[in-house]
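Side chains included, hydrogens not; waters and symmetry mates left out as well; all remaining heavy atoms used.
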Amino acid sequence: MLNIADLRNLCCDKSIAVTKHARIRLIERGITIGDVQNAAQTGEIIKQYEDDAPFPSCLLLGKTEQNKYIHIVASIDSGYLYVITAYYPDENEWESNLKIRKGQ
């Protein structure tokens, strides 16, 4: 199980690895590494994906440098924080607290 302290400890430029998929999505969505770092520092883990491979991952809710809410799917291993994807949560798909997907 991942914890927020571990994510925060690895949230510096030299310890962040961005997957190819995430790199494409970050560019498409105008999300910067600074936004990812800020979200990890201000956010909380809202869901664990313990069965993900090759490493367990989690969904993080935090805020960008511009104070906008953001979701980040990330995992950690061997001293790296792996960014799998990041997106702005759609209010039509998430409850008002942006922590629970509607219909769940």
**Student:** Any chance you could lay out the side-chain contact (heavy atoms from CB on, under 4.5 Å) test for Trp94 and Lys102, step after step, and finish with the verdict?
**Tutor:** CA-CA 5 Å; Trp94 294 87; Lys102 289 183 177 179; 5.6 Å; no
**Student:** Checking side-chain contact (heavy atoms from CB on, under 4.5 Å) for the pair Ile76/Leu81: CA distance, chi angles, key distance, verdict?
**Tutor:** CA-CA 5 Å; Ile76 58 174; Leu81 180 140; 4.2 Å; yes
**Student:** Say you draw a straight line from CD1 of Ile4 to SG of Cys58; how long is it, rounded to the nearest 0.5 Å?
**Tutor:** 7.0 Å
**Student:** Only distances under 3.5 Å count here; give the side-chain donor-acceptor pairs of residues 30-37 to other protein atoms, sequence neighbours excluded, each with its distance to 0.1 Å.
**Tutor:**
residue: Thr32; atom: OG1; partner: Gly34; partner atom: N; Å: 3.3
residue: Thr32; atom: OG1; partner: Asp35; partner atom: N; Å: 3.0
residue: Thr32; atom: OG1; partner: Asp35; partner atom: OD2; Å: 3.2
residue: Asp35; atom: OD1; partner: Glu65; partner atom: N; Å: 3.0
residue: Asp35; atom: OD2; partner: Thr32; partner atom: N; Å: 3.0
residue: Gln37; atom: NE2; partner: Asp13; partner atom: OD1; Å: 3.1

**Student:** Between the side chain of Thr19 and the main-chain N/O of Val83, is any donor-acceptor distance below 3.5 Å?
**Tutor:** yes
**Student:** Is Arg25 reaching over with its side chain to a backbone N or O of Tyr87, donor-acceptor style, under 3.5 angstrom?
**Tutor:**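 The answer is no, because no donor-acceptor pair under 3.5 Å joins these two groups.
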**Student:** Quick check on the hydrophobic clustering: are Val73 and Leu61 connected, directly or via other members, by side-chain heavy-atom contacts under 4.5 Å?
**Tutor:** yes
**Student:** If I take atom CG from residue Leu98 and atom CD1 from residue Ile70, how far apart are they, to the nearest 0.5 angstrom?
**Tutor:** 12.0 Å
**Student:** Taking atom CZ of Arg23 and atom OG1 of Thr85, what is their separation to the nearest 0.5 Å?
**Tutor:** 12.5 Å
**Student:** SG/Cys11 to CD1/Ile72 distance, rounded to the nearest 0.5 angstrom?
**Tutor:**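 Between Cys11 SG and Ile72 CD1, I get 7.5 Å after rounding to 0.5 Å.
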**Student:** Could you give the side-chain donor-acceptor pairs of residues 46-57 under 3.5 Å, partners two or more places apart or in another chain?
**Tutor:**
residue: Gln48; atom: OE1; partner: Leu2; partner atom: N; Å: 3.2
residue: Gln48; atom: NE2; partner: Leu2; partner atom: O; Å: 2.8
residue: Asp52; atom: OD2; partner: Ser57; partner atom: OG; Å: 2.4

**Student:** With the 4.5 Å side-chain cut-off for hydrophobic clustering, are Leu26 and Leu60 part of the same group?
**Tutor:** yes
**Student:** Can you tell me how far the CZ atom of Arg29 sits from the CD1 atom of Ile24, to the nearest 0.5 Å?
**Tutor:**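 One gets 10.5 Å once the value is rounded to the nearest 0.5 Å.
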**Student:** Please determine whether the number of non-hydrogen atoms from other residues, nucleotides or ligands lying under 6.0 Å from atom OH of Tyr88 exceeds 12.
**Tutor:**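 Above 12, so yes.
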**Student:** To the closest 0.5 Å, what do you measure between CD1 (Ile45) and CE (Met1)?
**Tutor:**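 If we round to the nearest 0.5 Å, Ile45:CD1 and Met1:CE are 8.5 Å apart.
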**Student:** Tell me, please, which residues at least two apart from Arg8 pass salt bridge (charged side-chain N to carboxylate O under 4.0 Å, His left out).
**Tutor:**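 Scan of Arg8 (salt bridge (charged side-chain N to carboxylate O under 4.0 Å, His left out), adjacent residues dropped) gives none.
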**Student:** Counting only heavy atoms from other residues, nucleotides and ligands, does the tally under 6.0 Å from CD of Glu91 exceed 12?
**Tutor:** no
